[in-house]
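Below: one structure, written as structure tokens.
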Amino acid sequence: PTECFLSKPEEKQESTVKAKRRKKKKISEVLQKSAPKPGVPADLQNLLTQHFGENRSVIEIEELKLSDSCFLPANDLSHSFSSYLKEICPKWAKLRRNHKEKKSVVMLVLCSSALRSLELIKSMTAFKGDCKVLKLFAKHIKIKEQMNMLEKGVYHIGVGTPGRVKALVEQDGLSLNSTKYMILDWNWRDQKLRRMMDIPEV
């Protein structure tokens with residue numbers, strides 16, 4: 001009797017699993033229904049905990065937590081990119097003047113693709129003025145070229161993709177010591193409706 005009793009719930013479980021598999025929605029369908037909303041510090045903290053949770057100790061995860069004072073207000077989606085940057089960085093002119101270090105940038109903007117990087121560079125014209133902006137993505141630009149440019153000149157803003165920025169930091173081509181601002185392009189979605197943080201490689 002116990003064997004019969006055990007086999008019945010197992011059969012039910014199998015059938016519910018099969019039903020769930022059939023009804024599984026594509027990520028683009030889920031994302032299509034969710035309206036864009038400003039990112040909050042908790043969003044990033046949760047992602048870090050999820051990503052590192054499995055292979056880090058409790059103490060190591062605790063060290064990854066950033067205090068709220070590390071975060072600036074998010075774009076409430078009413079700003080253009082330039083006006084948002086002006087709001088969060090009112091002393092940009094002074095920071096730009098004082099920046100003399102090579103192999104580093106004052107502001108680092110991370111987004112999901114090379115095309116999006118170019119879009120953002122165009123849309124920050126009113127903010128950047130005459131400061132130097134460096135493209136930090138892999139499309140049509142070799143990593144050696146970017147390392148040479150960083151070594152020879154002083155750049156104020158770097159706009160690029162997480163993969164290329166990570167490679168530059170690891171190869172000692174980019175130093176983050178003088179970086180004061182890191183902007184994450186949180187809400188923009190690609191053709192598959194994925195945000196940067198929805199891409200597994202990121």
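Note: hydrogens, waters and symmetry copies are ignored here, and every other heavy atom, side chains too, is used. The chain is numbered in sequence order, starting from 1.
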Heavy atoms of Ser178 and His99 approach each other most closely as OG-CE1, 3.6 Å

| Should we say atom CG of Asp172 is surrounded by more than 12 heavy atoms from elsewhere, each under 6.0 Å from it? | no

query = When you check the gap from the basic side-chain N to the acidic O, do Arg116 and Glu119 get nearer than 4.0 Å?
reply = yes

Smallest heavy-atom separation, Asn187 atom then Arg195 atom, equals O-CG, 4.0 Å

Exercise. Evaluate the criterion side-chain contact (heavy atoms from CB on, under 4.5 Å) for residue pair Leu108 and Leu136; output intermediate values, then yes/no.
Key: CA-CA 9 Å; Leu108 187 60; Leu136 301 173; 3.9 Å; yes

| query | Is a side-chain donor or acceptor of Asn46 paired with a backbone partner of Asp43 at a separation under 3.5 angstrom? | reply | no

Closest non-hydrogen atoms of Ile199 and Ser112, given as atom of the first, atom of the second and distance, are CD1-CB, 3.9 Å

Side chains of Ser67 and Ser69: is there a donor and an acceptor less than 3.5 Å apart?
yes

Answer yes or no: are there more than 12 heavy-atom neighbours, outside Lys128 itself, under 6.0 Å from its atom NZ? yes

Value for CE (Met197) from CG (Leu110), rounded to nearest 0.5 Å, stands at 7.5 Å

Of all heavy-atom pairs linking Lys103 and Glu151, the shortest is CG-CA, 4.0 Å

To the nearest 0.5 Å, atom NZ of Lys65 lies from atom OG1 of Thr49 at 5.0 Å

Rounded to the nearest 0.5 angstrom, the CD-CD distance for Gln171 and Gln146 is 10.5 Å

Per side chain to side chain contact (heavy atoms under 4.5 Å, CB included), Tyr181 is matched among Leu95, Val105, Val109, Ile157 by Leu95

| message | One thing to verify: whether Arg96 and Asp130 come together as a salt bridge, which I'm taking to mean a side-chain N less than 4.0 angstrom from a carboxylate O. | response | yes

Margin query: Let's go through Leu48 and Gln45 carefully: what are the C-alpha distance in whole Å and the side-chain angles of both, what is the deciding distance for side-chain contact (heavy atoms from CB on, under 4.5 Å) to 0.1 Å, and is it a yes or a no?
Written below: CA-CA 5 Å; Leu48 287 171; Gln45 301 285 26; 4.2 Å; yes

On a heavy-atom basis, the closest approach of Ser117 and Gly160 is OG-CA, 3.7 Å

**Prompt:** So, does Ser82 use its side chain to make a donor-acceptor pair with the main chain of Ser123 at under 3.5 Å?
**Reply:** yes

**Item:** Residues, nucleotides or ligands: over 12 heavy atoms within 6.0 Å of Met182 CE
**Value:** no

Do His156 side-chain atoms and Met107 backbone N/O form a donor-acceptor pair below 3.5 Å?
no

Closest non-hydrogen contact found for Lys142 with Arg164 is C-NH1, 3.7 Å

Quiz prompt | Worked verdict on Leu44 versus Trp186 for side-chain contact (heavy atoms from CB on, under 4.5 Å) | solution = CA-CA 10 Å; Leu44 185 62; Trp186 194 267; 4.1 Å; yes

